[in-house]
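Read through the structure below, which is laid out as structure tokens, and then see the notes.
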Amino acid sequence: MKVIAFNCSPNRDKGSTALILNPFLEGMKRQGAEIELIYISDLKIDPCRGCTDDLLFTPDGICKVEDDMHKLYPKLEEADYWVFATPNYLNNITSSLKNLLDRMEPLFEPPYETVNPNRPLRLKKEPGKRGKIVLLSTGGLWGMENFKLMVDQMQFVSEMFGRELCPPVLRPHSSALTALANL
């Protein structure tokens with residue numbers, strides 16, 4: 001089982017996000033997973049240019065922006081699990097994770113297929129599940145409702161990429177978690 005995990009916290013291993021991500025990944029390793037942990041702050045990922053909005057755009061599965069995403073595409077395609085660990089900023093994911101997700105568009109699996117020239121598109125009867133997505137997040141606010149936007153977004157991402165969203169691991173009031181870790 002291959003796992004690609006993204007720590008999307010600007011605090012890297014010093015923040016509360018790492019306090020839930022690292023033990024989670026250790027548990028996966030004990031179960032035999034092959035894990036690659038990537039700190040998103042180490043990557044140069046330019047913003048999406050919206051190429052697909054151009055009427056003359058021809059999809060070829062390759063992003064036209066030249067940056068570190070080209071190293072990630074094969075790893076994302078091979079991974080059984082995509083793990084996204086992000087702090088909760090304004091009840092949503094970090095901007096660096098949003099940028100990463102935007103740039104994953106070349107991996108998008110459309111929910112339709114070409115049938116014939118007279119009726120070119122139809123919905124796939126059963127979209128294939130190509131793997132799983134895990135969301136881990138910490139937030140300073142007390143309520144679980146503060147994670148709703150990010151969970152909804154990850155549900156959309158999982159559907160877009162034909163992957164199953166696992167139950168998210170969410171930790172509100174992360175300052176308590178940090179305080180306990182420092183005892």
Side-chain angles (χ1 to χ4, degrees), residues 1-13 15-48 52 59-63 65 67-89 91-111 124 126-139 144 147-171 174:
M1 167 176 46
K2 288 190 175 188
V3 177
I4 186 166
F6 295 92
N7 182 329
C8 302
S9 172
N11 297 316
R12 301 175 56 91
D13 278 332
S16 60
T17 301
L19 290 175
I20 63 170
L21 173 63
N22 294 339
F24 182 86
L25 294 179
E26 283 303 317
M28 291 189 88
K29 276 184 194 173
R30 283 194 299 274
Q31 296 302 312
E34 178 185 325
I35 295 173
E36 181 171 2
L37 174 59
I38 296 171
Y39 294 92
I40 205 163
S41 60
D42 289 344
L43 302 175
K44 179 187 181 295
I45 301 176
D46 293 329
C48 180
T52 57
D60 59 6
I62 300 170
C63 183
V65 180
D67 60 12
D68 289 339
M69 279 304 294
H70 289 276
K71 294 186 284 189
L72 295 179
Y73 293 133
K75 295 175 183 188
L76 286 160
E77 284 183 336
E78 292 173 9
D80 301 300
Y81 282 83
W82 296 347
V83 177
F84 300 107
T86 179
N88 183 330
Y89 286 175
N91 295 346
N92 214 331
I93 60 176
T94 60
S95 59
S96 57
L97 176 52
K98 171 68 168 82
N99 191 43
L100 173 71
L101 295 173
D102 286 346
R103 291 291 309 287
M104 288 171 53
E105 188 172 357
L107 303 178
F108 171 62
E109 182 177 300
K124 291 180 182 176
E126 286 207 33
K129 292 294 181 192
R130 298 173 38 198
K132 298 186 180 194
I133 293 176
V134 178
L135 170 66
L136 299 106
S137 184
T138 58
M144 294 298 283
F147 295 95
K148 183 177 179 352
L149 287 173
M150 71 170 53
V151 172
D152 288 349
Q153 183 171 16
M154 281 299 154
Q155 181 61 50
F156 174 76
V157 168
S158 70
E159 292 166 8
M160 186 172 162
F161 290 102
R163 290 180 167 258
E164 178 185 344
L165 180 63
C166 297
V169 178
L170 308 172
R171 178 57 168 98
S174 59

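Atom set for the values below is all heavy atoms of this structure, side chains included, hydrogens, waters and symmetry mates excluded.
Taking the side chain as every heavy atom from C-beta outward, R103 and D67 approach each other to under 4.5 Å. Using a 4.5 Å heavy-atom threshold, the side chains of L100 and L72 count as touching. The shortest distance between side-chain heavy atoms of P168 and F147 does not fall below 4.5 Å. Contact check for R171 versus T17: no side-chain heavy atoms found under the 4.5 Å cut-off. Side-chain atoms of P87 and S9, non-hydrogen and from C-beta on, do get closer than 4.5 Å to each other. Between N91 and K148, the closest side-chain pair of non-hydrogen atoms is not below 4.5 Å. A heavy-atom distance below 4.5 Å is found between the side chains of K44 and D46.
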- Message: Evaluate I93 against F84 for side chain to side chain contact (heavy atoms under 4.5 Å, CB included), listing each step before the verdict.
- Response: CA-CA 10 Å; I93 60 176; F84 300 107; over 6 Å; no
Practice item. Evaluate side-chain hydrogen bond (donor to acceptor under 3.5 Å, both in side chains) for S174 paired with T138, printing each intermediate quantity in order. Key: CA-CA 6 Å; S174 59; T138 58; 4.6 Å; no
inquiry  = The test is side chain to side chain contact (heavy atoms under 4.5 Å, CB included); show your working for M104 and W82 and say whether it passes.
reply    = CA-CA 12 Å; M104 288 171 53; W82 296 347; 3.2 Å; yes
(Q) Between V134 and V3, is the side chain to side chain contact (heavy atoms under 4.5 Å, CB included) condition met? List the steps. (A) CA-CA 10 Å; V134 178; V3 177; over 6 Å; no
### Task
Please assess R12 against D42 for the test side chain to side chain contact (heavy atoms under 4.5 Å, CB included), listing each intermediate value before the final yes or no.
CA-CA 10 Å; R12 301 175 56 91; D42 289 344; 2.7 Å; yes
inquiry  = Applying salt bridge (Lys or Arg N to Asp or Glu O under 4.0 Å) to K75 and E78, what does each step give before you reach the verdict?
reply    = CA-CA 5 Å; K75 295 175 183 188; E78 292 173 9; over 6 Å; no
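Between the S137 side chain and the T86 main chain, a donor and an acceptor come within less than 3.5 Å of each other. In this structure a side-chain-to-backbone donor-acceptor pair under 3.5 Å is missing from N7 to L21. Remark: the backbone N or O of D80 is paired with a side-chain donor or acceptor of R163 at under 3.5 angstrom. Between the side chain of D102 and the main chain of C48, no donor-acceptor pair closer than 3.5 Å is present. Proximity of a side-chain donor or acceptor of S158 to a complementary backbone N or O of I133 within less than 3.5 Å is not detected.
The CG atom of N92 sits 9.0 Å away from the CG atom of L97 when rounded to the nearest 0.5 Å. The distance from the CE atom of M1 to the OH atom of Y81 is 5.5 Å, given to the nearest 0.5 Å. From C63, atom SG reaches atom NE2 of H70 across 5.0 Å, with rounding to the nearest 0.5 Å. Separation of atoms CD (E36) and CZ (F6) is listed at 8.0 Å; rounding is to 0.5 Å. From K29, atom NZ reaches atom CD1 of I35 across 5.5 Å, with rounding to the nearest 0.5 Å. Here the CG-CG distance, from L165 to L135, works out to 7.0 Å after rounding to the nearest 0.5 Å.
Atom CD of E34 sits in a sparse spot, with 12 or fewer heavy atoms from other residues, nucleotides or ligands closer than 6.0 Å.
Closest approach of N99 to I45, counting heavy atoms only: ND2-O, 2.8 Å.
The salt bridge (Lys or Arg N to Asp or Glu O under 4.0 Å) search around D68 returns K71, not counting sequence neighbours.
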